[in-house]
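Quick notes on the structure that follows.
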Amino acid sequence: MIYTKLLDQGVIAANDRLEQYLPVHGTAVGRITLQSCLTHTSGLPREVGGRCIRFKQGMATVLGRGPQPQDVAEFMRHLREATVTDAGVCRYSNVGGAALGHALAAAAGVNYPGLVQEHLATALACPTLRVEEAVKHHCVDDAVSYTVFGGRARSWTGRGYAPAVAIRGSAQDFATILTALLVQDGPFQDCFKTLHVDSKGRVAAGFFVDKINGRDMAWHSGFAAGFASHLIIDLERCRGAFVSVITPTPTVDVEVLALETLESDG
């Protein structure tokens, strides 16, 4: 949403490179475009690090801690060292998503939490929408999530990967965002324009677009801090649903729940 807004305002261009905004000059990563990060065709890996880091990430998730605690400086170091392979092929990348978020923030002259505050929370009047901070894991009235052992799960607060995993808000906040996306000819309609097509399907501005039940639907899903979430929009009927389920592991078929909610008459 923020990408299309800044694009319409002329703050960024689709073919701008990461090196124009981030400290990745002289690397293969620096030549990656903003749009390729948005469509997951940048060639960046899903995450950086070897087996040891991936094991630590898995254990952190099970224990209810953030699996990607890196600050921005450490993330930038990982980004500069990242290997770019199969550019142009759609392959989901949290690294690319995080890099894009930091690049958009730099283009707007703020940090990533400030970007979310200005362009989403304040602009759409979402009072509890925020990028989580390590010093404030929970706010009053936050839903509580749990680990597989029954303990309270912590919010994921690593600022490095924050653009990929660290936004939190109330159910009303996400209903407000969904409503804004559904406004026909509204400021966010460009979010659903197809930007990349391959054998796996179509990709719009951060959304995947598939033919479901005979109609074009845009969707995105994720898991963070004990919550599995899925947003789906019926582009032909201008209806949408957002479902977030408390679960210690990303095993709940939240996509089915969201589709059933969307197709219900309620």
Let's go through D210 and R202 carefully: what are the C-alpha distance in whole Å and the side-chain angles of both, what is the deciding distance for salt bridge (Lys or Arg N to Asp or Glu O under 4.0 Å) to 0.1 Å, and is it a yes or a no? CA-CA 7 Å; D210 290 323; R202 291 172 287 164; over 6 Å; no

Stepwise side chain to side chain contact (heavy atoms under 4.5 Å, CB included) test for L38 and T33: CA-CA 9 Å; L38 185 72; T33 66; over 6 Å; no

Tell me, with the steps shown, if E263 and R237 meet side chain to side chain contact (heavy atoms under 4.5 Å, CB included). CA-CA 10 Å; E263 299 287 56; R237 296 194 299 170; 2.5 Å; yes

The test is side chain to side chain contact (heavy atoms under 4.5 Å, CB included); show your working for F242 and T261 and say whether it passes. CA-CA 8 Å; F242 174 78; T261 302; over 6 Å; no

Checking V95 against F75 for the side chain to side chain contact (heavy atoms under 4.5 Å, CB included) test, could you report, in this order, the C-alpha distance in whole Å, the side-chain angles of both residues, the deciding distance, and whether it holds? CA-CA 9 Å; V95 178; F75 171 76; 4.3 Å; yes

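Using a 4.5 Å heavy-atom cutoff, the side chains of D216 and K211 are in contact. The side-chain heavy atoms of F174 and L129, taken from C-beta on, include a pair separated by under 4.5 Å. At a threshold of 4.5 Å between non-hydrogen side-chain atoms, the residues C37 and I32 count as touching.
Side-chain contact of D173 with S170: a donor-acceptor pair under 3.5 Å is present, judged by distance alone.
For C191 against A204, the heavy-atom pair with the smallest separation is O-CB, 3.1 Å. Nearest heavy atoms, A162 versus V131: CB-CG1, 3.9 Å. Residues L34 and A13 come closest through the heavy atom pair CD1-O, 3.9 Å. Among all heavy-atom pairs drawn from V110 and L115, the shortest one is CG2-N, 3.5 Å. In terms of heavy atoms, A258 sits closest to A241 at O-CB, 3.7 Å.
Y92 shares a hydrophobic cluster with V203, F208, I212, M217, W219, I232, L259, L262; the chain of contacts runs through ILVMFWY side chains whose heavy atoms sit under 4.5 Å apart.
Not a single donor-acceptor pair under 3.5 Å links the side chain of H40 to the backbone N or O of C90.
With values rounded to the nearest 0.5 angstrom, E74 atom CD is found 4.5 Å from H78 atom NE2. The OG1 atom of T41 sits 11.0 Å away from the CZ atom of R91 when rounded to the nearest 0.5 Å.
Residues V11 and L7 are members of one and the same hydrophobic cluster, defined by side-chain heavy-atom contacts under 4.5 angstrom among Ile, Leu, Val, Met, Phe, Trp and Tyr. Neither V245 nor V256 shares a network with the other; the hydrophobic side chains, linked directly or stepwise wherever heavy atoms of I, L, V, M, F, W or Y lie under 4.5 Å apart, form separate groups for each. L22 and V84 fall within a single hydrophobic cluster, where Ile, Leu, Val, Met, Phe, Trp and Tyr are joined by side-chain heavy atoms under 4.5 Å apart, directly or via other members.
F192 and F207 have tilted rings, their planes meeting at an angle from 30° to 60° on a 0 to 90° scale.
Here side-chain hydrogen bond (donor to acceptor under 3.5 Å, both in side chains) pairs that include residues 4-16, with residues two or more places apart or in two chains, are K5-H119, D16-Y21.
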